[in-house]
Amino acid sequence: MFDIFLTEDIRKLMRNKSIVFLGDSNVRALYKDFLCLLRSSQFILDRTLKTKMENSVFGDKLVFHGEKTNARCYREEREASIDSTHLSFFFLTKVYDDYVKEVLKKITVKSNPDVIIVNSCLWDITRWGCDGVKHFKENLNFLMKEFKLLFPDCLIIWITTYPIACELKGGFLVKELQFLKYSLRFHVVEANHYARKVVVENGFDVLDTHYHLHMQIHRRCNDGIHWLPKAVRYTTNLVLRHISLSWNVALPHRYESASVDENLLASGDITNPEIVKAEEADMIQICSEELASPSESKENVVKTTNEQDKTKEKNSVPLHKLPRKKEGIHNHMAKNNKKARYKRIHQWKQHIIDHPIAASSSTVPRVWNHPMFNPNVQPYSTSSHFAHQDLPPNNNRVSYPSSDFNFPRFNFLVNRRSNVRGQSYFQNYSVPYVFPSVVPGQPLHPNFNFANDEIPPNFHF
């Protein structure tokens, strides 16, 4: 449960305090919302959260900046002082490196901070090569050690990375890394789990904003990374509540569900008559069950179990009558694939059995010089199942002995059969164009023996 803080509440809580924000653009949005809340209790504008590297926002100043780019060398440092409250922000693309060392030295030289709010994850695991995750784990441990040495009395709060969407359009995700957008949200969950473990082991606080913003997905921006002003203010209230509880400061108690406190007080009040009546009723029910005979209790248990089983059988749906919504995706796709396979087999059969004109009008593509799709090849019902349509019929064909050399022509002579599954296939046995016995070293001259018939125009040798 979060609490609602107004301008007067945050000024009382942060009077004469120094807060440091370390992180990426989401941490920068949190820094800007702190400044907005210190000025007034209104929500921050969305365009103010989107802009970066401006000279001033809510009275702060841009101390240092680099090039306005999406590269890893992006730098932005900001400072502000509002009503004896000092705030500073440092943009990080890596959780710990030489630049972070310089930043920590600047913080210790200028002032000893009271609160440090830090987060760094998305840039670490995406923009620093294939070993980015490995370096992120090592650098996080180094950062915790530096915090122990430099800020032993400071309240350090690690904010977990916000939940991201599947379709990302952020600046850190360049075109070369678009393949990461589908799995990055799961990597963020693993990184948050590891970071929480390391931070807690070193004695610092963790605020699980990833958990709290899971129910605020409708307040996320279209880029899938940043958040709208209401979600940012929700995070700001969570941080302020965490700081108040850490410093034993009374909360403003402005959350909408005020009945929570009443229920807590009522549950702890021993003299409350409603609680006494409820406890007495429970004790009477327990005593009556104990006084009952064991045989009766067993019979009652058996009856209740039988009745429950009958109701389950009535309400349950048989496996073979599952509705389409409850059917698994794998079973659904298997059915579709089976139907498509039967359709393909039927189409291939029709090309052999039906007339070639009907076969040529089918949706199945034609392959050049393939017997199935050659319109000149027609089914020929003879004893040998030969189909020879490119040449005119010739009854005076000369037969040669089996020792003669046979030259195959696949697009003229076909034997059609069917296999076990019902699919048609083709097999060539012999052809009408044969050679006599061949003498070694003598060039081959085919003996066509057309017997006064002309060579067909579509014949190619």
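This structure is a prediction, so every number in the text was calculated from the model and none was measured.
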N/O donor-acceptor pair under 3.5 Å between [X] side chain and [Y] backbone:
X      : Y      : value
Asn119 : Gly23  : no
Asn202 : Val199 : no
Asp3   : Leu251 : no
Ser81  : His86  : no
Asn112 : Thr108 : no
Ser84  : Arg15  : no
Asp60  : Val57  : yes
Trp227 : Gln216 : no
Asn141 : Lys137 : yes
Thr160 : Thr209 : yes

So do [Y] and [X] actually touch side chain to side chain, heavy atoms under 4.5 Å?
X      : Y      : value
Ile4   : His253 : no
Phe58  : Thr48  : yes
Val115 : Val239 : no
Leu240 : Met14  : yes
His210 : Val189 : yes
Leu155 : Trp247 : yes
Lys94  : Val100 : no
Asp97  : Asn139 : no

For [X], look at atom [atom1] and say whether over 12 heavy atoms of other residues, nucleotides or ligands are found less than 6.0 Å away.
X      : atom1 : answer
Lys52  : NZ    : yes
Glu201 : CD    : yes
His193 : NE2   : no
Phe43  : CZ    : yes
Gln42  : CD    : no
Asp131 : CG    : yes

Indicate whether any N or O donor in one side chain lies under 3.5 Å from an N or O acceptor in the other, for [X] and [Y].
X      : Y      : answer
Asn55  : Lys61  : no
His212 : Thr235 : no
Asp124 : His135 : no

(request) Just do the side chain to side chain contact (heavy atoms under 4.5 Å, CB included) check on Ile117 and Val20 with the steps written out, would you? (result) CA-CA 6 Å; Ile117 301 171; Val20 178; over 6 Å; no
[X]/[Y] ion pair, N-O < 4.0 Å:
X      : Y      : answer
Arg28  : Asp24  : no
Glu79  : Lys110 : yes
Lys197 : Glu190 : no
Lys181 : Glu167 : yes

In Å, rounded to the nearest 0.5 Å, how long is the span from [atom1] of [X] to [atom2] of [Y]?
X      : Y      : atom1 : atom2 : result
Ile10  : Leu38  : CD1   : CG    : 4.0 Å
Leu30  : Arg233 : CG    : CZ    : 10.5 Å
Ile107 : Ser88  : CD1   : OG    : 5.5 Å
Leu37  : Phe34  : CG    : CZ    : 8.0 Å
Ile19  : Phe89  : CD1   : CZ    : 14.0 Å
His187 : Thr126 : NE2   : OG1   : 11.0 Å

(request) Show your reasoning for whether side chain to side chain contact (heavy atoms under 4.5 Å, CB included) applies to Leu104 and Phe147. (result) CA-CA 9 Å; Leu104 296 179; Phe147 281 160; 3.9 Å; yes
(request) Output, in order, the C-alpha distance, side-chain angles, deciding distance and verdict of side chain to side chain donor-acceptor pair (under 3.5 Å) for Thr236 and Asp33. (result) CA-CA 7 Å; Thr236 301; Asp33 195 57; 2.5 Å; yes
(message) My understanding is that only one of Glu77, Arg78, Met53, Glu54 makes a side-chain contact (heavy atoms from CB on, under 4.5 Å) with His65; could you say which?
(response)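 Going through the options one by one, the only one that passes is Met53.
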(message) I need the single residue from Leu143, Val103, Ile156, Ile159 that forms a side-chain contact (heavy atoms from CB on, under 4.5 Å) with Leu22. Which is it?
(response) Val103
(message) Tell me whether Arg72 forms a cation-pi arrangement with Trp128, defined as NZ or CZ under 6.0 Å from the six-membered ring centre and within 45 degrees of its axis.
(response) yes
(message) Under the criterion side chain to side chain contact (heavy atoms under 4.5 Å, CB included), I'd like the reasoning laid out for Tyr99 against Arg75: C-alpha separation, chi angles, the key distance, then a yes or no.
(response) CA-CA 10 Å; Tyr99 174 71; Arg75 297 288 182 264; 3.4 Å; yes
(message) Just checking Tyr74 against Phe91, ring centres under 6.0 Å apart?
(response) yes
(message) Is it the case that the ring center of Phe21 lies less than 6.0 angstrom away from the ring center of Tyr31?
(response)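 Yes - the distance between ring centres of Tyr31 and Phe21 falls below the 6.0 Å cut-off.
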Could you report the tightest heavy-atom contact between [X] and [Y], atom names first, then the distance?
X      : Y      : answer
Phe136 : Ser120 : CE1-O, 3.0 Å
Pro229 : Leu45  : CG-C, 4.2 Å
Phe5   : Arg241 : CE1-N, 3.6 Å

(request) Would you sort out whether Leu122 and Val188 count as a side chain to side chain contact (heavy atoms under 4.5 Å, CB included), showing the intermediate values? (result) CA-CA 8 Å; Leu122 293 177; Val188 166; 3.7 Å; yes
(message) Assess the residue pair Ser25 and His226 against the criterion (side chain to side chain donor-acceptor pair (under 3.5 Å)); give the C-alpha distance rounded to whole Å, side-chain angles, the decisive distance to 0.1 Å, and a yes or no.
(response) CA-CA 8 Å; Ser25 55; His226 302 96; 2.7 Å; yes
